[in-house]
Amino acid sequence: MNPWIVSNIWLVPAVPFAASLSILFLRNSRRTGAAALAIIGQVVSLALSILAFLLTLQTPGYRAFHNFTWFTFGEHAVRIGWVLDPLAAAMLLMITLVGLCIFIFSIGYMAEDKSFTRFFAYLSFFSAAMLGVVIANSLLLLFVCWELVGLASYLLIGFWIDKPSAAAAAKKAFITTRIGDLGFFLGILWLYGGSGTLLFYDDGRGCLENAGLLALSASATFVALLIFFGSVGKSGQFPLHVWLPDAMEGPTPVSALIHAATMVAAGVFLVARVYPLFSLGAINGVTPSLTVVVWIGVITGLMAAFIALAQSDMKRILAYSTVSQLGLMMVSLGVGGVAAGIMHLLAHGFFKALLFLGSGSVIHGCHHEQDIRKMGGLRRLMPVTFVTYAVGMMTLSGVPLFFSGAWTKEEILHVTAHWPGSHVPHYLMMAGVVLTALYMTRQMIYVFFGNRRVASEQAHESPSVMTRPLIVLAFCTIILSVVLTPAWPWLHDYLSGATPQFDFARLIQPMLFVSFALVAAGIGLGLLMYRNVGSQDRHRTADTDPLEQAQPALFRFLENKMWLDELYAHTVIAFSAFAARVSDWMDRYVWDGFVRGVGRVGQLFGIFTANVDERGINAGVDESVTGTRGLGRLMSMAHSGQVQTYLGAIAIGMLALLLFYAWLA
């Protein structure tokens with residue numbers, strides 16, 4: 001029998017979902033109650049997640065599931081369930097803890113917003129949907145929660161619906177991710193047709209177990225690629241990455257939730273969850289589907305890192321950073337480093353939430369200014385935000401020893417170096433590490449160093465309800481490095497199902513020093529290029545970016561996001577608009593004309609049948625009725641009611657019969 005928490009792990013997403021529904025029934029004036037319900041729901045989910053996590057520590061590679069019949073149609077039963085294993089437990093812990101910090105931060109950030117209660121209802125709904133994705137032991141249940149995540153992102157990205165840019169960004173995110181989800185849905189249908197089940201684990205009969213994988217062996221590549229297409233949309237991978245930077249139109253806590261704990265994490269998690277399908281039939285760890293994952297991740301990671309170099313919006317820089325880091329995770333999964341990719345996903349959840357909330361604190365302190373060129377000198381005005389943001393920056397950049405991002409990136413570089421498919425991804429990811437350190441150094445110099453500029457004059461530190469979550473996330477980011485070091489790779493072995501062992505000698509390996517050298521090169525290059533940015537005069541915007549001065553054409557290319565949105569506008573969107581116009585013309589002048597023609601033919605046929613009916617059938621019937629009526633009158637005349645008349649008629653009839661008989665004789 002499963003432990004209580006396994007059978008009832010559905011409570012983890014159910015509690016915040018119930019909180020969301022409850023908040024929707026509150027009046028706008030019940031702001032304290034809305035925030036309290038949302039936070040209590042998240043705290044309960046966190047407590048349950050801790051219980052689940054502790055259970056998985058009992059046995060290496062622990063896995064338990066609970067399946068049941070949802071409904072039946074004919075002789076078929078649709079079964080769903082939930083699963084608890086190290087992957088699910090670690091994700092539950094990260095999502096609920098990071099989400100709780102974001103919820104608390106939102107109290108201060110959204111304090112003046114008129115739709116405060118609705119915002120917390122949507123936040124709880126978003127958290128519940130993502131938690132449902134994580135615990136699902138059925139691809140069907142996962143897909144249902146997956147779509148709820150998409151709905152929640154639409155509601156939150158377009159939360160300020162009165163802003164045209166927010167409404168457009170919400171539509172863009174929803175439509176773009178639906179393109180990926182169409183492929184995902186087709187993959188689900190194909191997988192069910194091949195394996196006969198959508199359960200991941202079912203006592204040996206699940207689609208990720210031997211029987212199910214054997215049934216899918218002939219079509220595994222196509223099914224895996226279709227499922228990966230859904231991950232491409234959700235996790236903002238090329239070519240469906242274009243929605244993710246525009247998602248910055250939502251409130252900053254929404255950006256933190258999307259980029260750290262919920263939506264974009266779903267795509268990486270999905271690939272990790274169904275990894276046995278991707279690796280089926282692998283030769284030296286290489287399959288066609290995994291190769292596609294690797295190269296999509298490489299393209300995405302490098303492209304986004306380059307674009308981030310030329311962005312001036314503080315949140316947009318972090319958005320492209322997320323796209324780049326997700327690409328790095330996909331590369332790790334594709335080369336077989338599942339544990340390394342998930343380690344980076346977990347660490348990324350903490351430090352990217354820290355960075356986004358830190359940017360929210362800066363924006364709040366600078367009176368909602370987001371252009372880094374108008375900031376400067378904030379380290380003295382916002383000391384708590386500066387220190388915590390610096391922790392996030394160094395973690396993302398991969399600064400060694402005390403920051404978790406250093407160890408996860410080193411592990412990913414290590415697994416890519418040993419991929420037999422090609423060494424090119426390894427070298428390109430090394431370039432990505434340098435670029436990450438470079439654009440984060442650029443951002444730090446613009447925002448926190450040098451003289452104050454336009455937006456910094458009246459800047460102030462954020463209230464404690466906003467800074468305390470930053471401190472907690474910074475602490476978690478640092479403390480997480482303890483279980484990530486090669487000397488004691490506890491988290492790696494926990495996710496891999498191995499028993500952790502301490503070995504200090506693992507710290508002495510060439511790739512570790514290479515990774516550190518790359519980070520140092522990126523930060524050094526950033527300091528060299530942007531050392532004079534902070535010296536501009538006060539009361540104005542910063543001068544031209546040094547990269548723009550050196551390479552104006554390249555900078556403009558990167559600043560405009562490699563013209564990919566324009567490319568889509570002139571190709572895919574233009575074709576869609578052309579197809580819409582053609583359809584409209586066909587509808588108006590072809591199909592509508594055809595329908596009108598058929599209608600006129602029907603009208604003529606109606607006139608013809610009406611004439612036949614009136615002048616032919618009706619006239620004939622009328623004449624027949626008239627004749628019948630006349631005959632009836634004649635016959636009625638014989639019925640006078642006089643007995644003598646009837647007797648006379650009988651006598652005449654008898655006489656006629658006698659004469660006829662005599663004639664015959």
Side-chain angles (χ1 to χ4, degrees), residues 70 78 80-81 83 87-88 91 126 129-154 172-200 206-208 212-213 216 219-244 247 258 262-280 287-297 300 323 326-327 329-330 333-334 338 341 345 572:
W70 188 13
V78 176
I80 60 173
V83 62
L87 175 61
M91 288 292 295
F126 206 171
M130 183 63 196
L131 292 169
V133 168
V134 171
I135 68 167
N137 187 41
S138 162
L139 205 53
L140 177 60
L141 177 59
L142 190 151
F143 186 73
V144 170
C145 295
W146 181 278
E147 292 303 308
L148 293 178
V149 167
L151 173 60
S153 68
Y154 172 78
K172 186 176 183 179
F174 192 79
I175 293 171
T176 304
T177 52
R178 294 292 77 69
I179 295 172
D181 292 353
L182 178 61
F184 185 13
F185 183 65
L186 293 175
I188 291 175
L189 295 179
W190 199 335
L191 184 145
Y192 182 73
S195 65
T197 181
L198 292 177
L199 292 172
F200 295 138
C207 63
L208 298 184
L213 293 174
L216 288 169
S219 57
T221 297
F222 301 104
V223 173
L225 288 176
L226 286 170
I227 292 175
F228 177 63
F229 200 48
S231 296
V232 168
K234 268 293 190 291
S235 288
Q237 299 295 286
F238 177 84
L240 299 181
H241 67 283
V242 291
W243 70 269
L244 195 48
I258 289 176
T262 54
M263 187 164 178
V264 298
V268 178
F269 172 82
L270 175 61
V271 176
R273 173 58 77 197
V274 300
Y275 187 79
L277 182 63
F278 281 83
S279 61
L280 184 62
T287 66
S289 56
L290 288 177
T291 302
V292 171
V293 173
V294 169
W295 287 109
I296 290 293
T300 304
V323 176
L326 291 168
M329 297 173 207
M330 288 297 186
L333 294 174
V338 179
L345 177 63
V572 178

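FYI, the numbering just counts along the sequence from 1.
- Side-chain contact between Ser279 and Leu290 is present, with heavy atoms from C-beta onward closer than 4.5 Å.
- Using a 4.5 Å heavy-atom threshold, the side chains of Thr291 and Pro288 count as separate.
- Here CZ of Phe184 is found 4.5 Å from CG of Leu270. Values are rounded to the nearest 0.5 Å.
- Applying the salt bridge (Lys or Arg N to Asp or Glu O under 4.0 Å) test to residues at least two apart or on different chains, the pairs with a partner in residues 176-185 are Glu147-Arg178, Arg178-Asp181, Asp181-Lys234.
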Report the C-alpha distance between Phe229 and Leu186 in whole Å, list the side-chain angles of each, state the deciding distance to 0.1 Å, and finish with yes or no for side-chain contact (heavy atoms from CB on, under 4.5 Å). CA-CA 10 Å; Phe229 200 48; Leu186 293 175; over 6 Å; no
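- With a 4.5 Å cut-off on side-chain heavy atoms, Phe278 and Thr221 do not count as touching.
- Counting heavy atoms from C-beta on, the side chains of Leu213 and Pro276 come closer than 4.5 Å.
- Checking side-chain atoms of Thr300 against main-chain N and O of Gly297 turns up no donor-acceptor pair under 3.5 Å.
- Taking all atoms of both residues into account, the shortest heavy-atom contact from Thr197 to Gly206 is CG2-C, 4.1 Å.
- Of all heavy-atom pairs spanning Met91 and Ala265, the tightest one is CE-CB, 4.3 Å.
- In this structure Thr287 satisfies the side-chain hydrogen bond (donor to acceptor under 3.5 Å, both in side chains) test together with Ser289, sequence neighbours excluded.
- When all heavy atoms of Trp146 and Ala266 are compared, the closest pair comes out as CZ3-O, 3.5 Å.
- At a threshold of 4.5 Å between non-hydrogen side-chain atoms, the residues Val274 and Ile227 count as touching.
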Output side-chain donor-acceptor pairs under 3.5 Å for residues 131-145, partner residues at least two apart or in another chain, one line each.
{"unit_1": "Asn137", "atom_1": "OD1", "unit_2": "Tyr201", "atom_2": "N", "d": "3.2"}
{"unit_1": "Asn137", "atom_1": "ND2", "unit_2": "Asn67", "atom_2": "OD1", "d": "2.8"}
{"unit_1": "Asn137", "atom_1": "ND2", "unit_2": "Tyr201", "atom_2": "O", "d": "2.9"}
{"unit_1": "Ser138", "atom_1": "OG", "unit_2": "Leu140", "atom_2": "N", "d": "3.1"}
{"unit_1": "Ser138", "atom_1": "OG", "unit_2": "Leu141", "atom_2": "N", "d": "3.4"}

Report the C-alpha separation of Met263 and Thr177 in whole Å, then their side-chain angles, then the decisive distance to 0.1 Å, and conclude whether the side-chain contact (heavy atoms from CB on, under 4.5 Å) test is met. CA-CA 11 Å; Met263 187 164 178; Thr177 52; 3.7 Å; yes
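- Under the rule for a side-chain contact (heavy atoms from CB on, under 4.5 Å), Leu182 has no partner lying at least two apart in sequence or in another chain.
- Using a 4.5 Å cut-off on side-chain heavy atoms (C-beta onward), Leu244 and Ile258 make contact.
- When every heavy atom of Met330 is checked against every heavy atom of Val293, the shortest pair comes out as O-CG1, 3.3 Å.
- Side-chain N or O atoms of Ser235 include one that pairs as donor or acceptor with a backbone N or O of Gly267 at under 3.5 Å.
- For Phe222, the ring pair (Phe, Tyr, Trp, His ring centres under 6.0 Å) partners two or more places apart in sequence, or in a different chain, are Trp190.
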Go through Phe174 and Trp243 one step at a time and tell me if the side-chain contact (heavy atoms from CB on, under 4.5 Å) criterion holds. CA-CA 8 Å; Phe174 192 79; Trp243 70 269; over 6 Å; no
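- If you take CG on Leu333 and OG on Ser231, they are separated by 9.0 Å, rounding to the nearest 0.5 Å.
- Under the 4.5 Å side-chain criterion, counting only non-hydrogen atoms from C-beta, Ile296 is in contact with Phe228.
- Within the structure, salt bridge (Lys or Arg N to Asp or Glu O under 4.0 Å) contacts touching residues 264-275 (residues at least two apart or in different chains) are Asp85-Arg273.
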